[in-house]
Number of protein chains: 2
Amino acid sequence: MGITKTALFNDTQNELALYAKVIGHPARVAILQHLIQTNQCITGELVGELGLAQATISQHLKELKALDLIKGTVEGTAVCYCINQAKWLEVRALFLDFFDTFPINNCC
Amino acid sequence: MGITKTALFNDTQNELALYAKVIGHPARVAILQHLIQTNQCITGELVGELGLAQATISQHLKELKALDLIKGTVEGTAVCYCINQAKWLEVRALFLDFFDTFPINNCC
DNA sequence: GATATTAATCGTAATATTGCAATGTAACAT
DNA sequence: ATGTTACATTGCAATATTACGATTAATATC
């Protein structure tokens with residue numbers, strides 16, 4: 001059906017899944033990495049860097065912005081994007097929590 | 001088109017996105033968490049725990065197994081699943097790397 | 001062997017995602 | 001004012017994902 005039954009799961013599970021999903025595309029990973037490395041950049045730079053059409057990049061940026069992972073400010077005709085540090089640290093903590101609990105022993 | 005242009009991105013980006021994608025569903029998050037907490041469990045237990053149909057759970061388990069995140073061994077009519085610790089640590093390192101590099105200063 | 005139990009697989013429907021061309025919009029430039 | 005530049009949005013096609021009923025395969029039990 002293509003629709004996820006979020007009601008069956010708790011908030012942490014849904015939240016983690018939501019952020020994992022947005023990271024779950026190499027273009028969005030590349031955008032985040034680029035923003036981290038350069039601290040900021042304009043959309044045109046990303047369109048040049050990655051090999052995707054402008055409309056596609058814009059769409060990926062929209063998804064990252066929807067989850068508040070990045071911020072954008074208009075600078076003339078250009079738009080400057082950067083990581084939303086507060087959110088980044090929040091999501092980072094979410095993943096660290098998830099990965100820090102791991103089984104010591106194997107079985108099966 | 002629904003198809004990701006993986007050729008445009010580097011191995012790390014594609015790998016991270018791939019694992020993020022599989023974590024990007026609350027049912028699979030719940031399965032992983034349950035396996036971590038109980039160290040191991042059979043499919044039927046998961047079907048009882050989460051509120052999804054047996055076929056759906058089986059499908060999610062298949063995806064986790066496809067990425068080698070979990071292992072399953074047949075035990076009579078049941079199948080016992082557990083975390084593949086080696087892979088778990090590998091993926092964990094991938095995400096720690098990704099999140100450990102973050103910008104000190106904000107902009108925009 | 002017949003039958004129950006457990007889980008994987010198949011088939012299908014509904015929805016989501018990815019990607020881009022075309023178009024729209026806002027700010028700047030001349 | 002007109003054109004230009006930089007992005008966003010719209011509309012669409014192709015593919016992927018989610019979910020489940022029905023069926024199948026494998027092992028137990030009687």
Side-chain angles (χ1 to χ4, degrees), chain A residues 1-9 13-14 17-31 34-35 40-67 70-82 108, chain B residues 1-9 13-14 17-31 34-35 40-67 70-82 108:
Chain A
M1 306 171 182
I3 191 164
T4 298
K5 292 190 161 181
T6 54
L8 294 175
F9 311 100
Q13 288 162 345
N14 282 319
L18 201 66
Y19 289 111
K21 197 169 165 185
V22 87
I23 298 172
H25 192 289
R28 293 191 290 264
V29 170
I31 289 171
H34 193 81
L35 287 180
Q40 65 176 67
C41 81
I42 57 169
T43 308
E45 201 178 317
L46 289 166
V47 175
E49 202 82 17
L50 323 174
L52 292 168
Q54 181 262 319
T56 309
I57 301 288
S58 194
Q59 200 173 263
H60 283 306
L61 286 168
K62 191 181 177 183
E63 285 177 72
L64 290 168
K65 207 162 44 176
L67 287 189
I70 64 173
K71 294 185 290 185
T73 48
V74 180
E75 287 187 2
T77 56
V79 174
C80 173
Y81 280 103
C82 70
C108 302
Chain B
M1 304 172 183
I3 191 165
T4 299
K5 291 190 159 182
T6 53
L8 294 175
F9 311 100
Q13 289 163 344
N14 282 318
L18 203 65
Y19 289 111
K21 197 168 166 186
V22 86
I23 298 172
H25 191 290
R28 292 191 289 266
V29 170
I31 289 170
H34 193 81
L35 287 180
Q40 65 177 64
C41 82
I42 59 170
T43 308
E45 201 177 317
L46 290 167
V47 175
E49 202 81 18
L50 322 175
L52 292 167
Q54 181 263 317
T56 310
I57 300 290
S58 195
Q59 202 172 262
H60 284 305
L61 286 168
K62 189 181 177 182
E63 286 177 70
L64 290 168
K65 206 162 45 175
L67 287 189
I70 63 174
K71 294 185 291 185
T73 47
V74 180
E75 287 187 0
T77 57
V79 176
C80 174
Y81 280 105
C82 69
C108 301

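In this text the structure is predicted, and so the values were computed from the model without any measurement. A note on names: the letters A, B, ... follow the listed sequences, proteins ahead of strands, and every chain is numbered from 1. Scope of the values below: all heavy atoms of this structure, side chains included, with no hydrogens, waters or symmetry mates.
Along DNA chain C, the nucleotide nearest Gly76(A) and the nucleotide nearest Val47(B) are compared for position; the residue whose nucleotide lies closer to the 5' end is Val47(B). When the nearest nucleotides of DNA chain D are assigned to Ser58(A) and Thr4(A) by heavy-atom distance, the more 5′-ward of the two goes with Ser58(A).
Using a 4.0 Å cut-off on heavy atoms, none of the residues of residues 19-27 of chain B approach DNA chain C. Taking a 4.0 Å limit (strictly below) on heavy-atom distances, residues 49-57 of chain A reaches DNA chain C at Leu52(A), Ala53(A), Ala55(A), Thr56(A).
Separation of atoms NZ (Lys71(A)) and NZ (Lys65(A)) is listed at 12.5 Å; rounding is to 0.5 Å. Separating the CG atom in Leu35(A) from the CG atom in Leu64(A) is a distance of 8.0 Å, to the nearest 0.5 Å.
Between Lys5(A) and dC20(D) there is a side-chain N or O to OP1 or OP2 distance below 4.0 Å. Considering only side-chain N and O atoms, Tyr81(B) lies nowhere under 4.0 angstrom from the phosphate OP1 or OP2 of dT6(C). Using a 4.0 Å cut-off, some side-chain N or O of His60(B) falls inside it from OP1 or OP2 of dA19(D).
For Thr77(A), the listed nucleotide lying nearest its side chain is dC28(C); candidates were dC28(C), dA8(C), dG19(C). Closest to the Ala78(B) side chain, of the nucleotides dG19(C), dA7(C), dA8(D), is dA7(C).
To the nearest angstrom, C1' of dT6(C) lies 13 Å from CG of Leu61(B). The distance from atom CD of Gln59(A) to atom P of dC7(D) is 17 Å, rounded to the nearest whole Å. At whole-Å resolution of the value, CD1 in Ile31(A) and P in dG19(C) are 10 Å apart. Taking atom CD1 on Ile3(B) and atom P on dA16(D), their separation rounds to 5 Å, with Å as the unit.
Remark: Glu45(A) pairs with His34(A) by the side-chain hydrogen bond (donor to acceptor under 3.5 Å, both in side chains) rule, at least two apart or across chains.
Contact annotation for Glu45(B): no contact, since no heavy-atom pair falls under 4.0 Å across all strands. Thr43(A) comes within 4.0 angstrom of sugar-phosphate atoms only, judged by non-hydrogen atoms across all strands, and of no base.
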